[in-house]
Number of protein chains: 2
Amino acid sequence: MISFSELCRLRQSCRRFKTDPVERVLIDRCLDAARLAPSACNSQPWSFLVVDQEPWRSRLADAAFSGIYSMNKFAKDAPVLIVVLTERSRYMARLGGQFRGVQYSLIDIGIAGAHLDLAACEAGLGSCWLGWLNARAVRKVLCLPKASRIDLMFALGYPADSRVRVKGRKSLAEIRRYAGAE
Amino acid sequence: MISFSELCRLRQSCRRFKTDPVERVLIDRCLDAARLAPSACNSQPWSFLVVDQEPWRSRLADAAFSGIYSMNKFAKDAPVLIVVLTERSRYMARLGGQFRGVQYSLIDIGIAGAHLDLAACEAGLGSCWLGWLNARAVRKVLCLPKASRIDLMFALGYPADSRVRVKGRKSLAEIRRYAGAE
């Protein structure tokens, strides 16, 4: 078992996967972690469409990551793709969000996604956040309603390379300040 | 040490805190977990202003959580308040986000916030996400630039009650579907 700090250190974007399929019990474990995430007014404005079988997987990958979206074409080789559907928040969260000028549902799928991502890492899986995707083509190939919002997908699978890379991040001093300290 | 699944189960919104101060080494541990979070184009569009000393803490709490924002007035009794500043994403992330109609920086502060939140739980601290706050008054009382964006704050402290409540969440079957399965 590993500490949470260690989990944050081990977690990294995985862009090369083994061809091995991923057991659905592991996929469900990741989604259960996402399920428990907090959200504005407990709206839980998310649902997950898991695509781990052919021919859907290939069709989805081609739809999502071709043309100007081919920066993420590595995801075509991921054995599992998860489409995150951003659902409507509860009325109070939408109203408050409009008043404040903040789309809380985006923060919320960030939280749920982080839970999913970290759970994947703990399960020995590699994952990658995918925000740059052709949502219209995805809706079409998966026969999703036109109104469905697809802000995010994940690629999931066993990592082809398990080395932990050094993360390029700002230092703590650059991002944190204590009020009153100069 | 606890598993990540267990951490997700234990994590809950804390709205009653002990008066004990929180060691800065623990606050920094939470922020270090946030620091390591992934973000669109590795933009890391976040910074954190920690307010754990008087008179700033009380002034901030009064500014943020009075009037129509007093739903969150419980946070006035939290020994630590953390203001999350949403910073500008990198040019490519902003451009892509505009094209896609998705404000990636909100997803990103959701991810970083989730890391902070879970790290707090592992450290034995209670935390609460605060999205409903008077950003203008916060900027004024902390002398922050008018352009600074405050979408999120956290309340942090030792929980007055450590019982784990049952979470009201949708079931896995309600939020997850496998493509091809009917």
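We name chains A, B, ... by the order of the sequence lines, and we start the count at 1 in each one.
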Checklist entry - Hey, what do you get for SG (B:Cys30) to CZ (A:Arg176), rounding to the nearest 0.5 Å? => result 12.0 Å
Next on the checklist: Tell me the closest heavy-atom pair linking B:Ala179 and A:Leu49, and the distance in Å.
Outcome noted: N-CD1, 3.9 Å
Checklist outcome for this item: When the 4.5 angstrom heavy-atom criterion is applied to A:Ala34 and chain B, the contacting part is neither
Checklist entry - Side chain, backbone, both or neither: which part of A:Asp108 has a heavy atom under 4.5 Å from chain B? => result neither
Checklist entry - Under a 4.5 Å heavy-atom cut-off, does chain B meet the side chain of A:Asp28, its backbone, both or neither? => result both
Next on the checklist: Ignoring hydrogens, what is the shortest heavy-atom contact between A:Arg35 and B:Lys170? Give both atom names and the distance.
Outcome noted: NH1-O, 2.9 Å
Checklist entry - Do B:Val83 and B:Leu133 belong to the same hydrophobic cluster, where Ile, Leu, Val, Met, Phe, Trp and Tyr are linked whenever their side-chain heavy atoms lie under 4.5 Å apart, directly or via other members? => result yes
Next on the checklist: Quick check on the interface: out of B:Asp52, B:Val51, B:Asn42, who has the most heavy-atom pairs with chain A under 4.5 Å?
Outcome noted: B:Asn42
Checklist outcome for this item: One should read off an interatomic distance between A:Arg177 CZ and B:Ser47 OG, to the nearest 0.5 angstrom, of 8.0 Å
Next on the checklist: Rounded at 0.5 Å granularity, tell me how far CG in A:Asp151 sits from CG in B:Leu106.
Outcome noted: 10.5 Å
Checklist entry - Do B:Val22 and B:Val50 belong to the same hydrophobic cluster, where Ile, Leu, Val, Met, Phe, Trp and Tyr are linked whenever their side-chain heavy atoms lie under 4.5 Å apart, directly or via other members? => result yes
Checklist entry - What part of A:Leu7 gets closer than 4.5 Å to chain B, counting heavy atoms only: side chain, backbone, both or neither? => result side chain
Checklist entry - Is it the side chain or the backbone of A:Leu144 that comes within 4.5 Å of chain B heavy atoms, both, or neither? => result side chain
Checklist entry - What part of A:Arg24 is in contact with chain B, defined as an atom under 4.5 angstrom from a non-hydrogen atom: side chain, backbone, both or neither? => result both
Item to check | Check: B:Arg100 side chain, A:Trp132 main-chain N or O, donor-acceptor pair, under 3.5 Å | outcome: no
Item to check | Contact leader toward chain B among A:Gly96, A:Ala33, A:Pro38, where contacts are heavy-atom pairs under 4.5 Å | outcome: A:Pro38
Item to check | Distance, nearest 0.5 Å, that separates SG of A:Cys8 from CZ of B:Arg29 | outcome: 12.0 Å
Item to check | Minimum-distance pair of heavy atoms, taken over all atoms of A:Gln44 and B:Arg169 | outcome: OE1-CA, 3.3 Å
Checklist outcome for this item: Most contact-rich option vs chain B, by heavy-atom pairs under 4.5 angstrom, among A:Leu142, A:Leu118, A:Leu31, A:Leu85, is A:Leu118
Checklist entry - Does any heavy atom of chain B fall under 4.5 Å from the side chain of A:Gln12, the backbone, both, or neither of them? => result neither
Checklist outcome for this item: Closest non-hydrogen contact found for A:Ala114 with B:Ile111 is CB-CG2, 3.9 Å
Item to check | Segment of A:Ala40 engaging chain B (4.5 angstrom heavy-atom cut-off) | outcome: neither
Checklist entry - Is A:Ile150 reachable from A:Trp56 through a run of I, L, V, M, F, W or Y residues, each pair having side-chain heavy atoms under 4.5 Å apart? => result yes
Checklist entry - Does B:Ile109 share a hydrophobic cluster with A:Val102, counting links as ILVMFWY side-chain heavy atoms below 4.5 Å and allowing steps through other members? => result yes
Next on the checklist: Please classify the contact of A:Ile68 with chain B as side chain, backbone, both or neither, using a heavy-atom distance under 4.5 Å.
Outcome noted: side chain
Checklist outcome for this item: When the 4.5 angstrom heavy-atom criterion is applied to A:Tyr104 and chain B, the contacting part is side chain
Item to check | Inter-residue atom distance B:Ser105.OG - A:Ile107.CD1, 0.5 Å rounding | outcome: 9.0 Å
Checklist outcome for this item: Residue from B:Gly113, B:Ala135, B:Ala37, B:Ala93 scoring the most non-hydrogen pairs under 4.5 Å with chain A is B:Ala37
Checklist entry - Between A:Trp129 and chain B, which part of the residue has a heavy atom less than 4.5 Å away: side chain, backbone, both or neither? => result side chain
Next on the checklist: In terms of relative ring orientation, are A:Phe4 and B:His115 parallel, tilted or perpendicular, with 30° and 60° separating the classes?
Outcome noted: perpendicular
Checklist entry - Can you name the closest pair of heavy atoms from A:Leu172 and B:Asp32 and give their distance? => result CD1-N, 4.1 Å
Item to check | Shortest non-hydrogen contact between A:Trp46 and B:Ile175, atoms and distance | outcome: O-CG2, 3.9 Å
Checklist entry - Do the side chains of B:Val84 and B:Met153 join up, straight or via other hydrophobic residues, at under 4.5 Å, putting them in one cluster? => result no
Checklist entry - Which answer fits A:Ser171, side chain, backbone, both or neither, if we ask what part of it has an atom under 4.5 Å from a heavy atom of chain B? => result backbone
